[in-house]
Amino acid sequence: MSTRIPATLIAGDGIGPEIVDATLAVLDALAAPFEWDRQIAGLAGVQQAGDPLPAATLDSIRRTRLALKGPLETPSGGGYRSSNVRLREAFKLFANLRPARTIVPGGRFDNIDLVVVRENLEGLYIGHEHYVQIDDDPHAVAMATGLNTRAGCRRIIDFAFQHAIRLGRKKVTIVHKANIMKALTGIFKETAEQLYEQKYKGQIVMETVIIDACAMKLVLDPWQFDVLVTTNLFGDILSDLVAGLVGGLGMAPGANIGADAAIFEAVHGSAPDIAGQGKANPTALLLAAAMMLDHVQRADLGDRLRRAIHDTLNIDQVRTGDLGGRAGTRAYTQALVARVKG
Ligand code: NAI
């Protein structure tokens, strides 16, 4: 029997508790080695502890350095700052890893197998924004500052190359907009080209592509890509785009990896429109849990989990409503547990 691995569990808001329960049931069936420390954040944090990211939650992740997290609600415009962004900053989660792989065949795009690596801490997401008042309009001008550092670019690009080589991938595509944002994203392209020459040439192919052309190519011919690495805002958009190629957000997992911790989550949000109705698809969070198993060197269990998901969806044909099926969260989870055990 392997030793237990302490990990923080945040159920999250909206459908979070439903998909986390489903994920735990499947992980239990798999005898996954995690010892959970349950904590709160997001709206649940505000309601129960007066803080969307309570100190106890931060302390727990500081201790375990590992977390599985349901979606957290963030108010748009005003209100509190995103707990997700604060978690990234607190634990220097510089890499956001979003694999997109076809699980249910027969969609608009088949046999997709891509990874988007998004820089998670810099770029236009640093939150340096303000308005300038002109006459009586306090919002007459809106300004945002972007920031990319040489060290930050090097860290994420290095991570992407390492990850690609470890997985036996063939190509890394550097996505930028250096023709227009010559400094802000020029530094990203320049750093990639230097690092490639110094460290990776001959081991793997590197290409560079401008973000707008990349978006078009991903829709016309996604199979030409393998691993894509890009700055924060472009990565945010591209990772949703590639999720769309494989059946939408309900199927997309994500990992936030840093020097101090790794946090695994579904890419989708808290889906307040279906919360509490027993309809949510837990697959994205389950795939995130599979990534977490890979991360703790239990890829054997991660692979078993991915296989069980594949077989439940394709052989048993048990699917939730968002995938055109009729199963609720519970029936789908039971089918998965049966697959894991069988
Ligand atoms: P959303 O992803 O929650 O929902 C978009 C649509 O997809 C909805 O129709 C929803 O019902 C559906 N959907 C999402 N996940 C599903 C699932 N697992 N099964 C079945 N259907 C699913 O995006 P939305 O509505 O823009 O955001 C809601 C809240 O979630 C906001 O407060 C937002 O800030 C937060 N959010 C949190 C994220 C996180 O914690 N990582 C990521 C994205 C949004």
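The figures here come from the full heavy-atom set of this structure, side chains too, leaving out hydrogens, waters and symmetry mates. Ligands are counted one by one from 1 in listed order, and the atoms in each one are counted from 1 as well.
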So do [Y] and [X] actually touch side chain to side chain, heavy atoms under 4.5 Å?
X    : Y    : result
V227 : H163 : no
Y332 : T283 : yes
W36  : L68  : yes

Against heavy atoms of [X], which atoms of ligand 1 measure under 4.0 Å?
X    : answer
P272 : 28 (C)
K69  : 40 (O), 41 (N)
E265 : 41 (N)
N281 : 17 (C), 18 (N), 19 (N), 20 (C)
E73  : 32 (O)
A271 : 3 (O), 10 (C), 11 (O), 13 (N), 14 (C)

Check [Y] with [X], please: is the shortest side-chain N to carboxylate O separation under 4.0 Å?
X    : Y    : value
K170 : D226 : no
K279 : D322 : no
D260 : R62  : no
D294 : R306 : yes

In terms of the angle between their ring planes, are H139 and Y131 parallel, tilted or perpendicular, with boundaries placed at 30° and 60°?
-> parallel
Candidate with minimal heavy-atom separation from atom 11 (O) of ligand 1, of T329, T74, D273, T320 = D273
Atom 38 (C) of ligand 1: of G321, G269, G14, G254, the nearest heavy atom sits on G269
Any nitrogen or oxygen of I274, main chain or side chain, under 3.5 Å from a nitrogen or oxygen of ligand 1?
-> no
N/O of D322 under 3.5 Å from N/O of ligand 1, yes or no?
-> no
Mark the output for [X] as yes if a heavy-atom distance to ligand 1 is under 4.0 Å, and as no if none is.
X    : value
V267 : yes
I19  : no
A284 : no
K279 : no

Find out whether the Lys NZ or Arg CZ of R118 is both under 6.0 angstrom from the six-membered ring centre of Y125 and within 45° of the ring's axis.
-> yes
